[in-house]
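For reference, the structure is listed below as structure tokens.
For ligands, and for the atoms within them, numbers begin at 1 and follow the listed sequence. Residue numbers run from 1 in the order of the sequence given.
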Amino acid sequence: MKKSNVSVKVSSPGKVHLIGEHSVVYGEPAIIAAIGKRCYVEAEKDDAVTITSQNFGKSLSFVFDEVKAFNGKITELWNEAYKNQNFSNLFSITRNDPINYAKVAVCIALEKMKMRGGVSLNINSEIPFGAGLGSGAALAVATIKALSELYDKNLSTEKINNIAFEVEKFAHGTPSGGDNSASCYGGLIWFEKGNPNKIKSLKKEVPYELNNFVLIETKKSGRTTGELVQLVRSLKEDYRNKRIKAIGKLTYEMLEVLKNKGFIKMKEIINEAQKNLAELGVSIPEIDEICSSVRKIDGAAKLCGAGGGGVVLCYHKNKAKLMETLKDLGYRPIEAELGVEGVRIE
Ligand code: MEV
């Protein structure tokens, strides 16, 4: 008989969109890589629910009975928000602080898994929060997997991904599901929102390592992913759709380029994607300046995730030269491996 776990440690990676953020919300595809920065979650059986994290600088503890009431409240707020297409009331509870996101993740997971007991969670994340790297999605995926292991639920990766998507909805309103899928499955994926979503590993098409990319962090966005998605939605339809379609077309081109290692063309595609994202209003002057400096040395750069600040993905065939340029601009480049393993037990 399998011995029941008293405590478990699980981790799940952050992600970076090589291309396709925002357009993916409108049904266009995205190419997303899991990155070598992970969120670690340690879980222990407990009567109450306790969340601690050195990242959040605070902890949270509540009685198990609160789970149902909390989920009822956020579900009601989501339904109302969806009807009015205004998620501000929901975000004021779920988004202001990463510990609130952790609360949503654990409460939804406990209810979806029909748990009768609580859990004590300790979260330690290497992924900067609110920076476009899917920190929340990774936290949700790791939390759900940890609970599944702890209480011997043996949830499949697909099921974990579905619950993580529910959590993401409470944090972002109407997300595509790409972030949680990249974190869950890992590697490099082709993602298309739909019924059901299309999630395809690109391991066969891209069997080599994606080197020559670095990430840098700009000022954090003051706006949530949901707010930035809403901002794009509020643009004039013709104007918006032209850019969304353009990014969609670039994504198909990117797949061909990745297959054929056409790195010169890839550079153009990344820069063109950034141009379209900027026209959608989700770039900021600091990111525009970085992208322009990288283009000047014959490289490519684009914002990541919802934008409004956060991380910039930079590419150059000469990585050392790229690093030097970014350092000269006053940034500390983050060298993160792309295409790493998805959620796993540590
Ligand atoms: C956020 O990381 C990516 C967006 O496309 C939103 C989403 O896909 O849910 C902006």
Side-chain angles (χ1 to χ4, degrees), residues 12-35 37 39 78 81-82 85 87 90-91 94-95 98 101 127-141 161-162 164-185 189-194 197-199 215 217-218 220-221 223-235 240-241 243-248 250-251 254 273-274 276-284 287 302-313 336 338:
S12 206
K15 62 79 208 176
V16 73
H17 282 72
L18 286 193
I19 191 159
E21 49 271 271
H22 284 290
S23 50
V24 71
V25 173
Y26 297 86
E28 297 293 341
I31 300 176
I32 318 175
I35 59 163
K37 298 268 167 212
C39 176
W78 191 92
Y82 187 72
Q85 285 299 295
F87 288 88
L90 175 72
F91 294 157
T94 61
R95 262 310 291 220
Y101 186 98
I127 314 162
F129 277 89
L133 295 182
S135 57
L139 169 57
V141 171
N161 198 31
N162 290 343
F165 180 55
E166 291 301 311
V167 175
E168 282 278 277
K169 281 194 341 203
F170 290 114
H172 302 309
T174 53
S176 64
D179 293 12
N180 47 283
S181 301
S183 183
C184 221
Y185 293 97
I189 61 163
W190 175 269
F191 178 87
E192 266 176 80
K193 182 179 144 181
N197 293 333
K198 182 170 170 192
I199 307 165
L215 305 172
E217 244 191 295
T218 68
K220 276 216 175 100
S221 170
R223 290 169 289 178
T224 66
T225 296
E227 283 163 348
L228 287 151
V229 167
Q230 185 55 45
L231 181 139
V232 172
R233 203 181 290 284
S234 67
L235 294 172
R240 182 190 66 220
N241 286 350
R243 272 107 199 140
I244 294 294
K245 288 259 169 301
I247 302 174
L250 288 167
T251 307
M254 180 69 127
Q274 169 61 22
N276 281 283
L277 288 165
E279 286 172 3
L280 288 174
V282 293
S283 191
I284 56 167
I287 293 183
K302 62 174 269 298
L303 63 84
C304 295
V311 165
V312 180
L313 175 73
L338 301 190

Test item, [X] contacting ligand 1 (heavy atom, 4.0 angstrom):
{"X": "H172", "answer": "no"}
{"X": "E168", "answer": "no"}
{"X": "G134", "answer": "no"}

Taking 4.0 angstrom as the limit and counting only heavy atoms of [X], give me the atoms of ligand 1 inside it, by number and element.
{"X": "P175", "result": "9 (O)"}
{"X": "E21", "result": "5 (O)"}
{"X": "K15", "result": "2 (O)"}
{"X": "V24", "result": "5 (O), 8 (O)"}
{"X": "H17", "result": "2 (O), 3 (C)"}

Ligand 1 N/O within reach of D179 N/O, cut-off under 3.5 Å: yes
So is H22 polar-close to ligand 1, meaning N/O to N/O under 3.5 Å? yes
Donor-acceptor check, side chain of Q274 to backbone of K302, threshold 3.5 angstrom: yes or no? no
May I ask you to test the F191-I31 pair for a side-chain heavy-atom distance under 4.5 Å? no
Would you mind reporting whether P128 and L133 have side-chain heavy atoms less than 4.5 Å apart? yes
So which atom in N197 and which in S176 form the shortest heavy-atom distance, rounded to 0.1 Å? ND2-O, 4.1 Å
Among G307, G178, S176, S181, the residue with a heavy atom nearest to atom 8 (O) of ligand 1 is S176
May I ask you to decide whether E28 forms a salt bridge with K193, counting only side-chain N to carboxylate O separations under 4.0 Å? no
